[in-house]
J.: 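Right, I'll just put the structure down here and ask away after.
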Protein chains: 2
Amino acid sequence: MLSDKNVKLEDVAKLAGVSKTTVSRVLNHRGYLSQKTIDKVHEAIDNLNYRPNQIARQLHERKTNLVGLVFPTMNDPFFSQLETKLDSQLYKLGYKTLLGNSQNDPDREQNYLQQLLNHQIDGLIVGSHNKGLTEYNNLNLPIISIERHIADHIPVVASDNYLGGKLATQQLIDDGCKHIIHTNYPELIASTNQLRQNAYVDVMHKNNLPVTIYHIDFDSSLEDKISIIHQLFIEHPEVDGIFADNDTNANLIMQTAKKLGYKIPEDLKIVGFDGSKMVQMFLPELTTIQQSIDQMAEVAVELLEQRIEGNTEVKSVTLPVKLIKGSTA
Amino acid sequence: MLSDKNVKLEDVAKLAGVSKTTVSRVLNHRGYLSQKTIDKVHEAIDNLNYRPNQIARQLHERKTNLVGLVFPTMNDPFFSQLETKLDSQLYKLGYKTLLGNSQNDPDREQNYLQQLLNHQIDGLIVGSHNKGLTEYNNLNLPIISIERHIADHIPVVASDNYLGGKLATQQLIDDGCKHIIHTNYPELIASTNQLRQNAYVDVMHKNNLPVTIYHIDFDSSLEDKISIIHQLFIEHPEVDGIFADNDTNANLIMQTAKKLGYKIPEDLKIVGFDGSKMVQMFLPELTTIQQSIDQMAEVAVELLEQRIEGNTEVKSVTLPVKLIKGSTA
DNA sequence: TATTTTATGTCAATCGATTGACATATTTTT
DNA sequence: AAAAATATGTCAATCGATTGACATAAAATA
């Protein structure tokens, strides 16, 4: 078996009977070259199974074609769809994806970030939830954020969360619900989830309905989430509508409600948020606010590319949402 | 804002008033050093926000600490859980993850593979479904495969698929099913899915029951999958049990069956395969064969590490499965 | 005081590919 | 035949960090 790793440009040159410079010219299509030489060199490359060492090339060009992705997890319908699409879009532009899933652990996120930077990534797409990481502020690196405000100069790609919250709440009201509860994260400062909640509060107020919010931490265990949901039903047996901040929680709420004897949608109506492909597949009955997840990825990569190209005037982008009508509301 | 990208070791040396060698010694803890110098250097590093260029370091050490993952997609419960855990385990060993999701497109997989190799990855973990890619055979690179046979010398980490198929089929038989259909991929040559099917066939034969298999391509569209499932019910209205080769298909089968008026489990019993966390969450009622997905990732990373360390005697590993009893069978 | 040990510096090579400057052949075109 | 275009080579520097060889101090120990 030929060992690729140790074959270098020089070996190709030797075998083809030409100079290093000529091989480099063939590889990079520069200068004058005869067809004969080009063929000879390619033949040698094939014979030796030569592969140019990107590391050496990158060192010279000071560009790695590596983009880091920093997200809390991949094992979630929303993030897995998003990262899949990001990877796919980056691939089209010739970038490779370096993972940095932080599991929402701040230490780990910071550490990941350091490592990604050490790897000389050309850019970064961030969608992690951690608060208080100031590292991002001082980076001299193209960054795009998804659904999260990081720093003033970092463009954000986000859904029209306020509209989403409005649509969800209004749907429940139109369905005749009087006691509508909203679930969301406990810490919303930097998250665009705040807008979903704001819309809920505004619409409820406008309709003179009572506002009730339960906090479900994104990172807490399944058991803890279910326990909070149980508590919700115990403390508010009158609830007849729930607007969950994401589909995963909507699902848990549905399952818990069914166990407690609620009939959906007769006794209780539910609207989720996200509308990922996976949830559409496993839970098509869920009425939800669908984000344009794939489009978010497309736009994020476009913006990042612009930043990498040196454009400093990159603006944040808001994307449309739409209500997907299932049978739960 | 201090620009990190352009700060190099030499700048640190200059600011600290020491030589490049001394800075390098501080960074790599080599040779004799006074505390005073160490402090001075660290201070300069902090002031300049210096970060050693990994590319340069890697070029010298000929090690990148990068591991490539080649899988068909991330937007799938099984693969997303697997890749999440792989990333997490690799992280613990100091490796970063370079993504290569092929969408099961052979050209793309080959291209990805080339690019990963160009990036001088230290190792590769493969779980893609593509057949006929001979590239893997000639690579002088540590590779571990997951649930797929690639080449004789490449260790495979896989579940006890035969046992899984046996448990699933037996469960349906124990439930009194007489007309049990199995769904699986059309091309099983390299896939360990073959064993699930073999077990089904064996158990059915032993019980003198008729064998019926439908092929659902992993990569075909949702519509095509559903269409095949529809056809299944049209051609075999007598079916009373289905053993699906994965939970995603089991889900589609359930949904289609319900639409056609089947009651589950009264009229039709279903057993899936995979038992990922996400499916457990969204479809807890599904009876399924659970693979030890997290453990697969753990073992794969362990084996890869051994290969990277130079151990050429790395053996394939088979992991246990267990039947998770839901309400569908 | 003589001898180690500790602390730091200088210098150059290395990792592998790229590139600019320059030289020297061939061809091809006027 | 002269001028221009084409084809290749040599050489050295560069990208940034690492390292070995060697030199030279200063501090600690015998």
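Proteins get letters first, then strands, A, B, ... in listed order; numbering begins at 1 in each. Basis for what follows: all heavy atoms, side chains included, without hydrogens, waters or symmetry-related copies.
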J.: Considering only side-chain heavy atoms of A/T21, which listed nucleotide, C/dG20, C/dA17, D/dT19, is closest?
T.: C/dG20

J.: Using atom CG of A/N53 as one end and atom P of C/dT14 as the other, report the distance to the nearest whole Å.
T.: 17 Å

J.: Taking A/E109's backbone N and O only, do any of them form a donor-acceptor pair with A/S102's side chain (distance below 3.5 Å, no angle check)?
T.: no

J.: Kindly state which residues belonging to residues 30-41 of chain B come within less than 4.0 angstrom of DNA chain D, counting heavy atoms of the residue only, listed by number.
T.: B/R30

J.: Between D/dC15, D/dT8, D/dT18, which nucleotide gets closest to the side-chain atoms of B/R57?
T.: D/dT18

J.: Whole angstroms only, please: what is the NZ-P distance between B/K14 and C/dG9?
T.: 14 Å

J.: Could you state the atom-to-atom distance from CD1 of A/I45 to P of C/dA17 in whole Å?
T.: 10 Å

J.: Checking side chain to side chain contact (heavy atoms under 4.5 Å, CB included) for the pair A/I144/A/V157: CA distance, chi angles, key distance, verdict?
T.: CA-CA 7 Å; A/I144 302 294; A/V157 178; 3.9 Å; yes

J.: Please confirm whether the shortest side-chain N or O distance from B/N28 to OP1 or OP2 of D/dA17 is below 4.0 Å.
T.: no

J.: Quick one: do B/K277 and B/D294 make a salt bridge, cutoff under 4.0 Å?
T.: yes

J.: To the nearest angstrom, how far is A/E10 atom CD from D/dA12 atom P?
T.: 15 Å

J.: Report the residue (A/K20 or B/S19) whose heavy-atom-nearest nucleotide on DNA chain C is the more 5′ of the two.
T.: B/S19

J.: If I take atom CG in residue A/D11 and atom P in nucleotide C/dA17, what distance separates them, rounded to the nearest angstrom?
T.: 9 Å

J.: Looking only at the side chains, is there a donor atom on one of B/S19 and B/T22 sitting less than 3.5 Å from an acceptor on the other?
T.: yes

J.: Can you give one letter per nucleotide of nucleotides 23-30 of chain D, going 5' to 3': B for a protein heavy atom under 4.0 Å from the base, S for sugar-phosphate only, - for none?
T.: --------

J.: Quickly work out the A/I55 CD1 to D/dA17 C1' distance and round it to whole Å.
T.: 13 Å

J.: Which residue, A/I125, A/D122, A/I143, A/L93, forms the side chain to side chain contact (heavy atoms under 4.5 Å, CB included) with A/L304?
T.: A/I125

J.: Taking everything shown except B/E309 itself, do over 12 heavy atoms lie less than 6.0 Å from its CD?
T.: yes

J.: From the options D/dA17, C/dG9, C/dA17, select the nucleotide whose nearest atom is closest to the side chain of A/A56.
T.: C/dA17

J.: Could you report the tightest heavy-atom contact between B/H119 and A/L66, atom names first, then the distance?
T.: CE1-CD1, 3.3 Å

J.: Quick one: is D/dG16 close enough that its OP1 or OP2 comes under 4.0 Å of any side-chain N or O from B/Y50?
T.: no

J.: Looking at B/S24, does any N or O in its side chain come under 4.0 Å of the phosphate oxygens OP1/OP2 on D/dT18?
T.: yes

J.: Could you state the atom-to-atom distance from NE2 of A/H60 to P of D/dG16 in whole Å?
T.: 10 Å

J.: Would you name the heavy atoms of A/Q295 and A/L319 that are closest together and state the gap between them?
T.: NE2-CD2, 3.4 Å

J.: Whole angstrom is fine here: how far is it from CD in A/Q58 over to P in C/dG16?
T.: 14 Å

J.: When you measure from the side chain of B/R62, which nucleotide among C/dT19, C/dG16, C/dT18 comes out closest?
T.: C/dG16

J.: May I ask you to say what B/V23 touches in the nucleic acid, namely base, sugar-phosphate or nothing, with a heavy-atom cut-off under 4.0 Å?
T.: nothing

J.: Does the side chain to side chain contact (heavy atoms under 4.5 Å, CB included) test come out yes or no for B/R108 and A/S88, once each step is laid out?
T.: CA-CA 10 Å; B/R108 188 157 165 168; A/S88 166; 3.7 Å; yes

J.: Under 30°, 30 to 60°, or over 60°: which ring-plane class applies to A/F218 and A/Y185, parallel, tilted or perpendicular?
T.: perpendicular

